[in-house]
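Presented below is the structure to which this report refers.
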Amino acid sequence: MDQELLDQHRQELRRGTVVLACLRLLERPGYGYGLLEELAARGFDTDTNTLYPLLRRLEKQGCLTSEWNTDEARPRKFYRTSPTGRALAAALGDEVAAIAAAVAALTQEDGR
Amino acid sequence: MSTTERVDDALADRYVAAAVHGLPARQRADIAAELRASIDDQVDARVAAGEEPREAERAVLSALGDPDALAARYEDRPLHLIGPRYYLVWRRLLRMLLAIVVPCAALGVAIGKMLEGASLPELLGAVGSVVVSAAMHVAFWTTLGTALVERHRSSSDDDLPRWSLESLREPEKRTGGLPELIAWLAFLAVAAGAVVWDQVRGWPSPDGPTHALDPSLWPWWTAGLLALLAAEGVLAVLVHVRGGWTMRLAAVNAGLDVVLILGVTWLVVQGRLLAPDLVERLPVEVLDPTTLAVAFGFLVVASAAWDAADSIRRALRA
């Protein structure tokens, strides 16, 4: 298969799941770069210039809360999932599971 | 692994300044500090992995991309002039306005110039420049208006004209069939007969026979007009036989119409279309001879232009 084609579709498919991944990961407070690394390690490749505006938007929507941590030499803005964000993550998680089940059912029918 | 190792701090500072420049003042400091910390984190990670500090910073900033694009993402501003939400509305509006405004402007200017008694090149120049400027104005203001709406849209869809099944086009009949052909041929024959009669015999009036068209058009201009009418008739038969307009037939038709338009325009400009004594002999006091000739000429030109456009439109739909 054409690698470029695959990448394009995969990126499209995964784009929506980054929000869910962020909401889940930020159950433990995290800051931009740390989150970026963790997302990458778990297979959610996200560009820096996408992640930061996304965090701001989620914060504006009330799904994340933020706090500056100035304990260390480099001050960092820490984000944390709010109760609203947790509810959203649960709903999105159900949705992803439903999609996975529906796709699995398609594959099975195909095999008959 | 500390920032003091880096040599070109100014670059990161400039990047951050550029990115937050257009943002609302109360967010600016916060976003700048976060962005700056993130850049430093990323650069440190690369340096720790063995990269040269200056190179690492350049790589990180390059990956962040155009600061204006980043700022737009922070603000959720569109990075297009007109997006999918308004594009079709814009296109329909633009086409409709161009189709209405440009011909009206051209016609208005042409009539004005003719009444002024302008020469043909002067008239064509004036019409050409008004066509260009009218089209540019229509395109510019339509686009500007739509782009502004795109940037200040409400979240509701209510202001948009909704598409519905009713807006589908009715399928168009390709020809009007035999009755239309016969009516058209009859009209052409009557028109040709009237022209010949007008030139040869004239119409009865108290002061003797009156000609509507300038008698000096006989024989060559008259013959040309009759040839055009005959060609229109042949073309109508061909269209009927083919079962509709084809692109080639439409092109021939448009060619005939252009010849007619040019001929009539030329005669009007030369003051040779209508008989010189026509106005005096009309039973009612009407307009001056020039106005009458211009009005008559435009009637012919407008119908010819419409005929050409209509045949091309039908060929395109077929």
Side-chain angles (χ1 to χ4, degrees), chain A residues 7-8 11-12 14-19 21-22 25-26 28-42 44-82 85 88, chain B residues 1-6 9 12-13 15-16 18-49 51 56-79 84 155:
Chain A
D7 285 346
Q8 180 200 333
Q11 202 186 358
E12 221 164 282
R14 289 187 170 233
R15 189 171 297 151
T17 58
V18 172
V19 171
C22 286
L25 287 173
L26 292 174
R28 281 188 301 128
Y31 62 96
Y33 179 68
L35 184 61
L36 209 58
E37 289 285 274
E38 204 163 352
L39 283 170
R42 291 168 182 269
F44 296 91
D45 277 321
T46 313
D47 288 330
T48 327
N49 53 17
T50 311
L51 183 67
Y52 286 84
L54 174 67
L55 292 175
R56 294 271 163 175
R57 193 157 65 243
L58 287 173
E59 188 187 5
K60 209 164 130 193
Q61 292 167 347
C63 297
L64 296 176
T65 56
S66 72
E67 202 177 2
W68 278 94
N69 182 332
T70 47
D71 297 346
E72 290 177 57
R74 182 174 295 160
R76 290 189 179 109
K77 191 170 188 177
F78 276 73
Y79 293 89
R80 180 179 200 146
T81 305
S82 72
L88 177 63
Chain B
M1 233 180 82
S2 107
T3 49
T4 51
E5 284 172 31
R6 280 189 291 114
D9 251 4
D13 286 338
Y15 184 93
V16 172
V20 301
H21 174 71
L23 296 176
R26 64 197 153 74
Q27 297 177 23
R28 220 176 281 163
D30 195 68
I31 289 181
E34 186 187 25
L35 195 55
R36 187 59 213 245
S38 161
I39 291 170
D40 290 344
D41 281 340
Q42 284 178 278
V43 172
D44 286 353
R46 279 172 177 266
V47 170
E51 264 182 59
E57 181 170 41
R58 294 191 75 91
V60 167
L61 295 180
S62 301
L64 273 171
D66 190 331
D68 285 337
L70 185 60
R73 284 186 180 176
Y74 269 119
E75 276 208 285
D76 236 351
R77 264 186 287 125
L79 282 173
S155 50

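The analysis underlying the following values was restricted to heavy atoms, covering all of them including side chains, and did not include hydrogens, waters or symmetry mates. In what follows, chains carry the letters A, B, and so on, assigned in the order in which the sequence lines appear, proteins first and then strands, with residues in each chain numbered from 1.
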- prompt: Sub-3.5 Å donor-acceptor pair from the side chain of Arg73(B) to the main-chain atoms of Asn49(A), do we have one?
  reply: yes
Side-chain donor or acceptor of Arg76(A) paired with backbone N/O of Asn69(A) under 3.5 Å: no
Above 12 or not: heavy atoms from other molecules or residues under 6.0 Å from [atom1] of [X]?
X: Glu12(A); atom1: CD; result: yes
X: Arg28(B); atom1: CZ; result: yes
X: Arg77(B); atom1: CZ; result: yes

- request: Check whether any side-chain heavy atom of Glu34(B) sits under 4.5 Å from a side-chain heavy atom of Tyr79(A), and report yes or no.
  value: yes
Side-chain heavy atoms of Leu25(A) within contact of Phe44(A), under 4.5 Å: no
- prompt: So which of Lys77(A), Glu37(A), Arg57(A) has the biggest tally of heavy-atom pairs under 4.5 Å with chain B?
  reply: Lys77(A)
Shortest non-hydrogen contact between [X] and [Y], atoms and distance:
X: Ala33(B); Y: Trp68(A); answer: CB-CH2, 3.4 Å
X: Ala45(B); Y: Tyr33(A); answer: CB-OH, 2.8 Å
X: Leu35(B); Y: Ala19(B); answer: CD2-CB, 4.0 Å
X: Gly22(B); Y: Glu75(B); answer: O-OE1, 3.7 Å

message: With a 4.5 angstrom heavy-atom cut-off, is it the side chain or the backbone of Leu54(A) that approaches chain B, or both, or neither?
response: neither
- prompt: Tell me, side chain or backbone of Ser66(A) under 4.5 Å from chain B's heavy atoms, or both, or neither?
  reply: neither
- prompt: Within residues 58-65 of chain A, which positions have a heavy-atom distance to chain B below 4.5 Å?
  reply: none
message: So if I take each residue of residues 59-70 of chain B and look for any heavy atom under 4.5 Å from a heavy atom in chain A, which residues do I end up with?
response: Ala63(B), Leu64(B), Gly65(B), Leu70(B)
